[in-house]
Protein chains: 2
Amino acid sequence: MYLANPTKQTAVTTADKVFEHMQHAIVEGEIPSGSKISEPELAKRYQISRSTLREALNRLEKCHLIERKANVGSRVVDCTIEGLLELYITREALEGMACRQAALNMSDKEIVDMQAMLQKHAQTQELKDGVAYYQEEGDLDFHYKIILGSHNKQLIDLICGQLYHLVRMYRFQFGMNSPRASRAFNEHSQIIQAIFDRDGELAEMLMRRHIAASRKNIENKIAQQALSEINEQK
Amino acid sequence: MYLANPTKQTAVTTADKVFEHMQHAIVEGEIPSGSKISEPELAKRYQISRSTLREALNRLEKCHLIERKANVGSRVVDCTIEGLLELYITREALEGMACRQAALNMSDKEIVDMQAMLQKHAQTQELKDGVAYYQEEGDLDFHYKIILGSHNKQLIDLICGQLYHLVRMYRFQFGMNSPRASRAFNEHSQIIQAIFDRDGELAEMLMRRHIAASRKNIENKIAQQALSEINEQK
DNA sequence: TTAAGTATTATTGTCGACAATTTACCGTTA
DNA sequence: TAACGGTAAATTGTCGACAATAATACTTAA
C-alpha cells in the first residue's frame, strides 16, 4: 500500500482538500509546469473564496510546487534538468543521513517488517513481470519506510513533507516509471542488510550510491529523449 | 556584515514585516518557546487584520518556528534537546553536501573573497579577543558563504530559508554565543583550503566533523547547565 | 463530591469587498 | 516603425464580518 504522504493525517479543512487536489494536479501535469496561477480563476473553478485558495497556495509553496512573488503572483515550478540534478543531490544528502539514522534507530520489528515488504515486492515482481509497479510504488514504499525509520522529525518532514512531492513531479513529467527494477531491487536488499547489521556508515553510503545511480538513470533517459526528438525532426 | 537571511530581499508587504518581526521575537525568546499564539491578540498588538497575520504565520510555519493544528491553532516550537540533536544531524547532512558542492561550483573569486573574510575575522578576533563576536556573526557568515557557494537552489533554500532560523533560535535560547572560537577558526581554515583545492570529498567530511563538534559542544554546555542547576538547589 | 452531559464562550476557518500594485493597452512622439 | 508615457483593466494584498469547530464553564445526576 502506497501513501502519497505518509506523515499527514486525512484532510479536515476545505483548504486541505483543495491543497491535495492541486498537489496531484500539479504533480501529474494537469496544471502545467511553469504556468501562472490565477487566483480568481482557480477560486471560481473550485467554488471557494480566494482566502482559502491562498491558504492552499501557501502549502503548495511549502513543498516547493509553486513559487510566489509579492504583488505579482504564483507560478508552478518548472521542471528543468538543473532543477532535477539539484533535487537529487539534496536527496542524496538527506536520505543518506536518514538511512544512517535508520540503521541506528529502527526497532527490530520495523526492520523485520521492511524485510517482509521486500519479499512481497520480489514476488509481485516475478508474478507480473511488474517492472513499472515495482519501480513506482515499491520504490517509494521502500524509501518512505527508511525515512520514517530514522525517527528524526526534521528529516522526515523535509524529505516526505517537501522534497518527495517534487520527486514525484519530476518522475511523472519526465515519464520515469520504469526500469532499473532488478538493479534497484538488489540495491534495496543490500541497504536493508546494512540496516539489519546496524551498520550506519555502510547504510548511508549504499543509499547515497543508490540515489546517485537513480539520478544517472534519469539523466540518460532525458538524453535519449532529446536525441530521439532530434531524429524525428529530420 | 552579518545577514539574518541572505537569500531574501527586503520586505515589501506588511505581512513580510510582521513575519520578520515575529521571527526575531521568537528566535530571541520574546515570544516564549512552546507558547500558544492567539491570532486575535497578536492581530490587535500589531494593528493588522487576522488575514495578514495568518499570512505571516504561514511563513513562520515554513521555517519551522511555529506549528499549526487545524481548528486548534499555532504554537511556538519548543526547544528540546532531542530537537536540537535532530536539527544538527540534519545540518550535518545538508551542509556537508553543500560544502562538497561548493568545492565543485564556487568561482575562484568567491573562494578568494572567503579567504579574505577569514583573514579579517582572524584580525578582529586578535584585536578584541572577540570570542563572542567571532562565534556568533563570523561563524554564521562563514557558513552562509559556503552554502551560497554550492550554487544549489534547493540546498540554499532548505538551509538558509528554513533550518538556520531554528539554529539561531537554539543558540539564543540555550545561550550558545561562545567559545570554541579558536578551534572553530582552525576548522574553518581547513575547510576553505579543501575548497580551494577543489577536493569535494574532503570538504564534505571536514564540514560534517565541524558541525558534529559544534553539536557536541552544545550538548556539553547543556549538561553543565543541568548540573549547576542541581547544585544550586542544594 | 465527582462525573458526565450540556450550554456558553472563545478561537479558528471561510467569505466577500475594498485598497494598492502591477500589467496591459493605447495613443503620442521622435 | 519603434519607443516612451499615461490611462484603464486586472491581479494581488488587506480588511472586517460570519460560520464552524474546539475549549470552557456550568448544571445535573449518580
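All chains are named by letter (A, B, ...) in the order of the sequence lines, taking the proteins before the strands, and each is independently numbered beginning at 1. In what follows, every heavy atom counts, from backbone to side chain, and hydrogens, waters and symmetry copies are set aside.
A salt bridge does not link A/K120 to A/D141: none of the charged side-chain nitrogens sits closer than 4.0 Å to a carboxylate oxygen.
Of all nucleotides listed (D/dG13, C/dT12, C/dT14), C/dT14 comes nearest to the side chain of A/A15. Side-chain proximity of A/S49 to the nucleotides C/dG13, D/dT12, C/dG16 is greatest for C/dG16. In the set C/dT14, D/dT14, D/dT11, the nucleotide with an atom closest to the side chain of A/K36 is D/dT11. Distance from the side chain of B/R54 is smallest for C/dT12 among the nucleotides D/dT12, C/dT12, C/dC15.
Residue A/T13 places none of its side-chain N or O atoms closer than 4.0 Å to OP1 or OP2 of C/dT12. Distances shorter than 4.0 Å separate some side-chain N or O of B/T14 from OP1 or OP2 on D/dT14.
Between the P atom of D/dT12 and the CG atom of A/N58 lies a distance of 13 Å, rounded to the nearest Å. Distance, B/R50 CZ to C/dA10 C1': 11 Å, rounded to whole Å. The interatomic distance linking B/I66 (CD1) with C/dT12 (P) rounds to 11 Å, in whole Å. Rounded to an integer number of Å, the gap from B/K44 NZ to D/dG16 P is 14 Å. In this structure, CD of A/E39 is placed 15 Å from C1' of C/dT23, rounded to the nearest angstrom. The nearest whole Å value for the distance from the CG atom in A/L53 to the P atom in D/dG13 is 12 Å. A/L57 places its CG atom 13 Å from the P atom of C/dT14, with the value rounded to the nearest Å. Note: OH (A/Y46) to P (C/dG13) measures 21 Å, nearest angstrom.
Aromatic ring centres of B/Y144 and B/Y164 lie closer together than 6.0 Å.
Map A/I48 and B/S38 each onto its nearest nucleotide of DNA chain C; the residue landing nearer the 5' end is B/S38. With the nearest nucleotide of DNA chain C identified for both A/N71 and B/P40, B/P40 has the one nearer the 5' end.
Across all strands shown, B/S51 has heavy atoms under 4.0 Å from base atoms, whether or not it also approaches the sugar-phosphate. As judged by a 4.0 angstrom heavy-atom cut-off over every strand, A/I37 is placed among residues touching the sugar-phosphate backbone only.
Partner of A/Q115 under the side chain to side chain contact (heavy atoms under 4.5 Å, CB included) criterion, chosen from A/L118, A/I111, A/D113: A/I111.
Note: B/I146 CD1 to B/M106 CE = 7.0 Å, rounded to the nearest 0.5 Å.
Closest non-hydrogen pair, B/I211 versus B/E95, comes out as CD1-CB, 3.5 Å.
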